[in-house]
Protein chains: 2
Amino acid sequence: MKLQEILAKLKDCGYKITPQRQEIVSLLMRENRHMTVEDIYGKIADRYPNLSLDTVYRNVGILERLNILTKSDFGDGKGRYRIKESDGHRHHLICLKCGCSEEMDFCPLDYIDHREIKDKNFSIKKHNFEIFGYCSECVQKEGQPVAERNK
Amino acid sequence: MKLQEILAKLKDCGYKITPQRQEIVSLLMRENRHMTVEDIYGKIADRYPNLSLDTVYRNVGILERLNILTKSDFGDGKGRYRIKESDGHRHHLICLKCGCSEEMDFCPLDYIDHREIKDKNFSIKKHNFEIFGYCSECVQKEGQPVAERNK
DNA sequence: TGTTAAATAAGAATGATTCCTTTTTAGGAG
DNA sequence: CTCCTAAAAAGGAATCATTCTTATTTAACA
């Protein structure tokens with residue numbers, strides 16, 4: 001999805017196109033990786049000296065609800081957001097250190113036995129599938145990964 | 001894994017077997033579902049009037065590190081813990097309302113193309129696969145699910 | 001160009017989790 | 001059985017991500 005399309009979608013849903021909103025969306029498109037609210041805030045605050053953290057939170061929330069962003073949990077208590085792929089449904093290899101993510105054109109729901117779930121009368125609302133580890137760049141670097149919690 | 005085995009594992013790892021610790025483990029075994037720290041605390045506080053929340057946090061942390069518990073994120077900012085299955089590796093259908101979970105003997109890593117990941121030089125540390133929705137009991141009940149966030 | 005609902009900034013409030021300090025205790029040694 | 005000590009617990013303060021509140025500003029339509 002292109003920036004213009006995203007802005008159009010926002011507009012269609014009754015949201016105003018503010019400069020802050022544009023910055024947030026275009027940053028996330030440019031970076032194309034999982035970012036914390038703090039990350040986003042940090043990158044934009046240069047240009048918008050009095051940007052509010054709350055504005056970032058509010059907007060990633062909206063963008064998530066509109067299915068423009070996905071939220072992930074690396075296990076360190078911070079939400080991480082990234083642009084959702086447009087061409088269907090992908091999952092990611094996520095680097096615990098740098099936060100970069102590689103796409104996988106793979107969804108476990110394609111392989112699971114849905115009859116079994118139907119039989120259980122379970123109504124699926126969402127699912128998570130993420131593989132965490134270290135990307136090729138970080139695997140050779142030393143240092144504690146940001147989101148590592150095992151001692 | 002039986003209670004005795006878990007206690008033995010704790011001991012082997014140099015942890016003391018305290019009554020609080022036993023209560024926490026046996027509660028989680030009895031309930032066999034995802035519980036928040038508050039849930040656990042609430043159930044045990046009857047018998048241990050001056051149990052500390054911190055004690056529950058400390059212990060579920062230890063138990064998670066020892067691979068006795070798994071932690072899940074339902075998306076509402078609270079960690080949820082449950083006993084990990086002993087006989088290998090399972091994933092769960094998790095009810096967003098009551099927190100119960102049904103086992104699935106399915107792991108997406110069995111279906112994924114590992115060569116592709118190897119080629120990317122990605123080093124896997126852990127993965128998440130959870131399906132969220134409503135269990136057969138909750139699907140027919142009204143009311144807002146605890147962890148629902150979409151408006 | 002004026003109007004108004006929506007969005008923002010700023011900072012306070014909340015809530016889960018962690019940290020700190022003091023007291024208690026499990027469990028091994030003697 | 002008693003002592004000793006490191007580990008654990010209690011209690012409460014501190015932290016940190018996130019959300020809320022209020023006053024101010026602004027996008028966007030008429």
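Residue numbering restarts at 1 for every chain, and letters A, B, ... go by the order of the sequence lines.
Among the heavy atoms of the strands lying under 4.0 Å from A:Asp54 is at least one base atom, whether or not backbone atoms are also near. The residue A:Glu38 sits apart from the nucleic acid: no heavy atom pair falls under 4.0 Å. Using a 4.0 Å heavy-atom distance criterion, B:Arg58 is classed as a base contact.
Of the side-chain N and O atoms in B:Asn50, none sit less than 4.0 angstrom from OP1 or OP2 of C:dT24. For C:dG27, neither phosphate oxygen OP1 nor OP2 lies less than 4.0 angstrom from any side-chain nitrogen or oxygen of B:Lys16. OP1 or OP2 of C:dT25 has not a single side-chain nitrogen or oxygen of B:Gln20 nearer than 4.0 Å.
Counting only heavy atoms from C-beta on, B:Val37 has its side chain closest to C:dT17 among C:dT17, D:dA6, D:dA9. Between C:dT25, D:dG11, C:dA9, one nucleotide has an atom nearer to the side chain of B:Ser52 than all others, and that is D:dG11. The side chain of A:Thr18 lies closest to C:dA7, out of C:dG27, C:dA7, D:dT18.
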task = Under the ring-ring contact (aromatic ring centres under 6.0 Å, His included) rule, what do B:His34 and B:Phe74 come out as? Steps first, then yes or no, please.
result = CA-CA 10 Å; B:His34 285 92; B:Phe74 281 28; 5.6 Å; yes

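Sparse packing is recorded around NZ of B:Lys118, with 12 or fewer heavy atoms of other residues, nucleotides or ligands lying under 6.0 Å away. Annotation for A:Lys9: atom NZ counts as buried by contact number, over 12 foreign heavy atoms lying within 6.0 Å.
Remark: P of D:dA9 and CD1 of B:Ile17 are 10 Å apart, rounded to the nearest angstrom. Atom CG of B:Asp39 is separated from atom P of C:dA16 by 11 Å (rounded to the nearest Å). Counting to the nearest Å, the C1' atom of D:dT19 and the CG atom of A:Leu53 are 12 Å from each other. For B:Tyr48 and D:dA10, the OH to P distance is 9 Å, given to the nearest whole Å. Going from atom CG of B:Leu10 over to atom C1' of D:dA9 covers 16 Å, rounded to whole Å. Per the geometry, OH belonging to B:Tyr15 stands 16 Å off P belonging to C:dG28, to the nearest Å. Atom pair A:Tyr57:OH and D:dT21:C1' shows a separation of 17 Å (rounding to whole Å applied). In this structure, A:Ile40 places its CD1 atom 14 Å from C1' of D:dT18, rounding to the nearest Å.
For A:Tyr134 and B:Phe122, the ring centers are positioned 6.0 Å apart or more.
For the pair B:Glu31 and B:Arg82, the salt-bridge criterion is not met [side-chain N within less than 4.0 Å of a carboxylate O].
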